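Both backbone and side-chain heavy atoms feed into the values below; hydrogens, waters and symmetry mates do not. Not measured: the values here are computed from a predicted model. One-based numbering along the sequence shown.
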Amino acid sequence: MSDFRKIVWLASYPKSGNTWARMFLANYLVNGDQPFPINQAHRFAMSDSALQTYKMVAGRPVDPRNADDVLRLRDRVLQGVVANGADVNFVKTHNMPGRIKGHFMIPNKFTRSAIYVVRNPLDVVLSYARHFGRNKERAVQSLARADNWIAPTEHLVPQYLGRWDAHVKGWTKPADYPQLVLRYEDLLTDPAAEFTKLLEHVGIPVEPARLQKAVEFSSFKVLAGQERSGGFDEKSTQATAFFSKGQSGQWKDDLAPELVEKIKAEHGKTMKKYGYLDE
């Protein structure tokens, strides 16, 4: 393996469990007596979209609205990650694999492996709507757009999502690096078993007591409690809270039947592959 292949991607479509996975990992690695602070998650899994990193690499101001400039810098940003001296670097991403304007978003040359968290799009769309301050109809449309993206902010560069089904297929198709796919719903049902897969995938020894503590310290109840008491830097300005319900199947009560059918019509093949048409 190349000396440059040091990035383990923690990837997902937005609102699919990426933060949960990162906080489990942080709590397991720290193994502290108290839950690890949610606003320090970047210490264990930096974001590939943090504007500050692009500024540091460029050595100058970077306008996040200048997509061409940001994309030109991306390779240098990732080069800086793998050159930091660590054997493994966890990097959070919502970007789809492939090329944007000729630039590789997830270059094989830097990639050691990938962990992808997938969630039923019927539930994703509800959390997506809350997070970005959109109505449900518009959120359904967003998940079906090939050009769907997260617009830049004062702290983040653009993030290129594409369609939900294409995002899932892009991250789970055969690649020249190891991949692990975790279903959000399985994490809810048996977090210890699923997070064990994560640790084994990365090559981190599994210690049962430490595992159980990390599961408890990264539970939805704990994470939501931390946000209520101290806020969460990753909450969008359109949302009232980042952590809302942390459930599966909420769509059965909160999503109109015609919207359910639209999502199934757009993404049904991929939904079927992951068991989301059986519910």
Under-4.0 Å salt bridge between K197 and D190: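 Looking at K197 and D190, the cut-off is not met.
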Looking at K213 and E216, is there a salt bridge between them, counting it only when a charged N and a carboxylate O are closer than 4.0 Å?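 Answer for the salt bridge query: no.
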Would you please test D68 and K101 for salt bridge (Lys or Arg N to Asp or Glu O under 4.0 Å) and show each step? CA-CA 8 Å; D68 290 332; K101 297 185 178 182; 3.2 Å; yes
Please answer whether the main-chain N or O of G162 pairs with a side-chain N or O of H167 as donor and acceptor at a distance below 3.5 Å.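 A pair under 3.5 Å: no.
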Measure from the side-chain N and O atoms of S219 to the backbone N and O of V215, and report whether any donor-acceptor pair falls under 3.5 Å.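 Flag not set: sc S219 to bb V215 has no pair under 3.5 Å.
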For a quick test of reading the model, state the closest non-hydrogen atom pair linking [X] to [Y] and the distance between them.
X    : Y    : value
G268 : L277 : O-CD1, 3.4 Å
Y184 : G17  : CD1-CA, 3.8 Å
D75  : P107 : OD1-CG, 4.1 Å
R22  : T19  : NH2-OG1, 2.8 Å
N95  : S49  : ND2-OG, 3.8 Å
A26  : F44  : CB-CD1, 3.8 Å

Heavy-atom side-chain contact between L126 and K136 under 4.5 Å: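 Side chain of L126 against side chain of K136, heavy atoms only: contact under 4.5 Å found.
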Would you indicate whether the side-chain heavy atoms of R60 and K55 approach each other to under 4.5 Å?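 No. Closest side-chain heavy atoms not under 4.5 Å.
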Do the side-chain N and O atoms of N148 and Y13 include a donor-acceptor pair separated by under 3.5 angstrom?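 Result is yes, a qualifying pair exists.
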For S47 and H42, test the side chains for any donor-to-acceptor distance below 3.5 angstrom and give the result as yes or no.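 Their side chains do not contain a donor-acceptor pair, so the 3.5 Å distance test is not met.
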Does I263 form a side-chain contact (heavy atoms from CB on, under 4.5 Å) with L255? I'd like the steps, not just the answer. CA-CA 11 Å; I263 292 172; L255 200 58; 3.9 Å; yes
Applying side chain to side chain contact (heavy atoms under 4.5 Å, CB included) between F4 and each of R112, Q79, K109, report the one that passes.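 Looking at R112, Q79, K109, the match for F4 under the side chain to side chain contact (heavy atoms under 4.5 Å, CB included) is Q79.
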Taking R119 as the fixed residue, which of P14, S127, S248 is the one that meets the side chain to side chain contact (heavy atoms under 4.5 Å, CB included) rule?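 Exactly one option meets the side chain to side chain contact (heavy atoms under 4.5 Å, CB included) with R119, and it is S127.
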Using salt bridge (Lys or Arg N to Asp or Glu O under 4.0 Å) as the criterion, list what pairs up with R65, not counting sequence neighbours.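 R65 satisfies salt bridge (Lys or Arg N to Asp or Glu O under 4.0 Å) with D63 once adjacent residues are dropped.
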Given D176 and R5, is the salt bridge (Lys or Arg N to Asp or Glu O under 4.0 Å) satisfied, shown in steps? CA-CA 11 Å; D176 68 349; R5 304 190 90 180; 3.2 Å; yes
Would a hydrophobic clustering, with Ile, Leu, Val, Met, Phe, Trp and Tyr connected at side-chain separations under 4.5 Å, put [X] with [Y]?
X    : Y    : value
M271 : M96  : yes
F110 : V57  : no
V77  : F104 : no

Given the rule in the side-chain contact (heavy atoms from CB on, under 4.5 Å) test, do M23 and I38 qualify, once you have shown the distances and angles that lead to the verdict? CA-CA 7 Å; M23 292 311 301; I38 55 175; 4.0 Å; yes
So, for W9 and Y116, is the gap between ring centers shorter than 6.0 Å?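 No, the ring centres sit 6.0 Å or more apart.
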Please work out whether the ring planes of F24 and F195 are parallel, tilted or perpendicular, with thresholds of 30° and 60°.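 Geometry flag for F195 against F24: parallel rings.
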